[in-house]
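Notes to accompany the following structure.
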There are 2 protein chains.
Amino acid sequence: MSLSSRFAVGIHILTLLEINKNGVNSSEFIASSVNTNPVVIRKIMGLLKNAGLVKVRPGVAGAVPAKELSEISLFDVYKAVNIVQDQELFGMHENPNPACPVGRNIQETITPLFSVAQLALEKALGNVTIQDVVLGILEKEQIK
Amino acid sequence: MSLSSRFAVGIHILTLLEINKNGVNSSEFIASSVNTNPVVIRKIMGLLKNAGLVKVRPGVAGAVPAKELSEISLFDVYKAVNIVQDQELFGMHENPNPACPVGRNIQETITPLFSVAQLALEKALGNVTIQDVVLGILEKEQIK
DNA sequence: TAACATGTAACAGACTTTGTTACGGGAGTA
DNA sequence: TACTCCCGTAACAAAGTCTGTTACATGTTA
C-alpha cells in the first residue's frame, strides 16, 4: 500500500518550473513531462496554489513558484497535496469493544505512538527542499 | 489517505494476548474485542505467525506470543502485517517522459529522499514495544 | 470576437481494504 | 469412531480512493 502519487507529482511540477523557467509551464506542457492528463496537473496545481507554493491565474498560461525553491521543503509539498491528514497516517480500526480493557483503551494508547512516528517522517521531509531536488537532477544530467 | 488498519489490529491482537493471557484467545474472542469478523483476525494472525510473532495451531483454540512482548517492537508488527513495502511508502507516478530532463531523472532523484523519510518512520516504530502498549493500557485502567 | 488556458464538475475503471460466507482439515473428547 | 470445535483459506461483495477523461464555464489576450 502506497500513499498517493500526488506527492511525487507535486515535486515533479515544482522542479519542472525551475528547470524550464525560460519556457511556459502550461498544464499541458507539464502533463507531457509527468506523462498524465492536463486536468490531473491542474488539480494538483490548485492544491499547490492554495498552499501558497505557486502562482497561477485562470486564463493565463503557465505557473511560477511563489517562493524561492530553497524555501519550499518536501514537507510543504506533502502538506499541500493532502496525501495524509494529521494523526491519520496509520489507519485505526473503528469501535473496538468497550467491554474489553484492550478495546476501550487501545485507541488512546496507540494514537500518540503513531503520532511520534508520523512526526519523524514529516521531520525528515522537512529537511529537503525542492532546490535540492533540482540540483540532484542537474547533477544527473551533467554525468550523462 | 491512511495506511491499512491491519497494523493497529495487529497491535491490538498482541496486546490482548497478554491482557487475557489466562483465557483462551480464539479468533472469535479476539474478534469480539476488536469488533470485527473472526476471519479478519485469522488472516492477520496468519501474518503475525509467518513473521514468528505468535504461535497458533490449526484445530487448537487460542494463540500465544512466540516471544517476550518486550522484544516485539511496533516495527516488527508493521513489517509482519505488510502494510507498506520497502521503498514504497510514497507512491510514484509511472513512466514520466524520458524526453524531459525532469522526467528522465525524477524517479532516481526522489527515491532516496523518500527512503530516508520512510526509514525515519520505521526507526520511530522500532523504539516502541508491545510491552509498552500493554503497560499503557494497564495504566489507563488503573486511573479509571 | 476568436483562440487558448485554467478551474471544476461529473463520471468511469482499476485497485485495495474490509467484511462475509463457505468449507476443508486438524485436534481433542466421549 | 463419531462428534464438536477451531484454524486456514478461497471466493466474493461492498465501500472507498486514486487516477484518468470528457465536458464546459470562466478568464485573458490579441
Side-chain angles (χ1 to χ4, degrees), chain A residues 1-10 12-13 17 23-51 54-64 66 78 81-85 88-97, chain B residues 1-10 12-13 17 23-51 54-64 66 78 81-85 88-97:
Chain A
M1 189 174 186
S2 291
L3 298 174
S4 167
S5 67
R6 278 199 305 277
F7 183 27
V9 174
H12 187 135
I13 291 172
L17 295 190
V24 176
N25 291 293
S26 65
S27 63
E28 190 166 357
F29 171 78
I30 297 173
S32 82
S33 170
V34 172
N35 188 25
T36 183
N37 191 290
V39 175
V40 171
I41 299 300
R42 293 205 287 271
K43 284 180 192 165
I44 295 174
M45 193 68 83
L47 295 171
L48 297 176
K49 181 183 183 181
N50 289 340
V54 300
K55 284 187 267 193
V56 209
R57 282 185 305 160
V60 182
V64 294
Y78 159 96
V81 298
N82 246 314
I83 53 172
V84 174
Q85 308 303 313
E88 291 186 15
L89 173 59
F90 296 107
M92 199 86 104
H93 50 302
E94 307 281 317
N95 309 315
N97 191 342
Chain B
M1 190 174 187
S2 290
L3 298 174
S4 168
S5 67
R6 279 200 304 276
F7 183 28
V9 173
H12 188 136
I13 291 172
L17 295 189
V24 176
N25 291 294
S26 65
S27 63
E28 189 165 0
F29 172 79
I30 297 173
S32 81
S33 171
V34 172
N35 187 26
T36 185
N37 192 290
V39 175
V40 171
I41 299 300
R42 293 205 286 271
K43 283 179 192 165
I44 296 176
M45 192 69 82
L47 295 170
L48 297 176
K49 181 182 182 180
N50 288 341
V54 300
K55 285 186 266 193
V56 210
R57 281 185 306 161
V60 181
V64 294
Y78 159 95
V81 299
N82 247 315
I83 52 171
V84 175
Q85 310 302 315
E88 292 187 13
L89 174 58
F90 296 107
M92 200 86 105
H93 50 300
E94 308 282 316
N95 309 315
N97 190 341

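Order of the sequence lines fixes the chain letters, A, B, ..., with proteins taken first and strands second; residue numbering starts at 1 for each chain.
Computed from coordinates, the B:R42 CZ to C:dG25 P distance equals 16 Å when rounded to whole Å. A:N50 has its CG atom 10 Å from the P atom of C:dG7, to the nearest Å. As a whole-Å value, the separation of A:E88 CD from D:dG16 C1' is 14 Å. At whole-Å resolution of the value, CG in B:N35 and C1' in C:dT18 are 13 Å apart. For the pair B:N37 CG and D:dA11 C1', the computed distance is 14 Å after rounding to whole Å. The nearest whole Å value for the distance from the CD atom in B:E94 to the C1' atom in D:dG20 is 14 Å. Whole-Å rounding puts the A:L3 CG to C:dT17 C1' distance at 15 Å. Atom CD of A:E28 is separated from atom P of D:dG20 by 16 Å (rounded to the nearest Å).
Look at A:S5 and you'll find a side-chain N or O under 4.0 angstrom from OP1 or OP2 of D:dT19. Contact between the side-chain N/O atoms of A:R6 and the OP1/OP2 oxygens of D:dC18 is found at a separation under 4.0 Å. Applying the 4.0 Å criterion to OP1 and OP2 of C:dT18, one finds that B:T36 has every side-chain N and O outside that range.
In the set D:dG27, C:dA5, D:dT29, C:dA5 carries the atom at the smallest distance from any side-chain atom of A:S26. Relative to the side chain of B:M1, the nucleotides D:dC18, C:dT18, C:dT20 differ in distance, and D:dC18 lies closest. Nearest to the side chain of B:V39, among D:dC18, C:dT8, C:dT20, sits C:dT20. Considering only side-chain atoms of A:K49, the nucleotide from C:dT18, D:dG8, C:dG7 that sits closest is C:dG7. For A:S27, the listed nucleotide lying nearest its side chain is C:dT6; candidates were C:dT6, C:dG28, D:dC18.
Rounding to the nearest 0.5 Å places CG of B:L48 at 11.0 Å from CZ of B:R6. Here the straight-line distance linking atom CZ of B:R42 with atom CG of B:N37 works out to 7.5 Å at 0.5 Å rounding. Atom CE of residue A:M92 and atom CZ of residue B:F7 lie 10.5 Å apart, to the nearest 0.5 angstrom.
Residue A:G91 is out of contact with every strand shown, counting any heavy-atom pair closer than 4.0 Å.
For A:K43 against D:dT21, a side-chain-to-base donor-acceptor contact under 3.5 Å is present. If you check distances only, the side chain of A:K55 never reaches the base of C:dT6 with a donor-acceptor pair under 3.5 Å.
The nearest pair of heavy atoms linking A:G62 to A:V56 is O-CG1, 4.0 Å.
Between A:V40 and A:V60, the residue whose closest nucleotide on DNA chain D is further toward the 5' end is A:V40.
For B:Q85, the CD atom is densely surrounded, since the number of other residues' heavy atoms within 6.0 Å is greater than 12.
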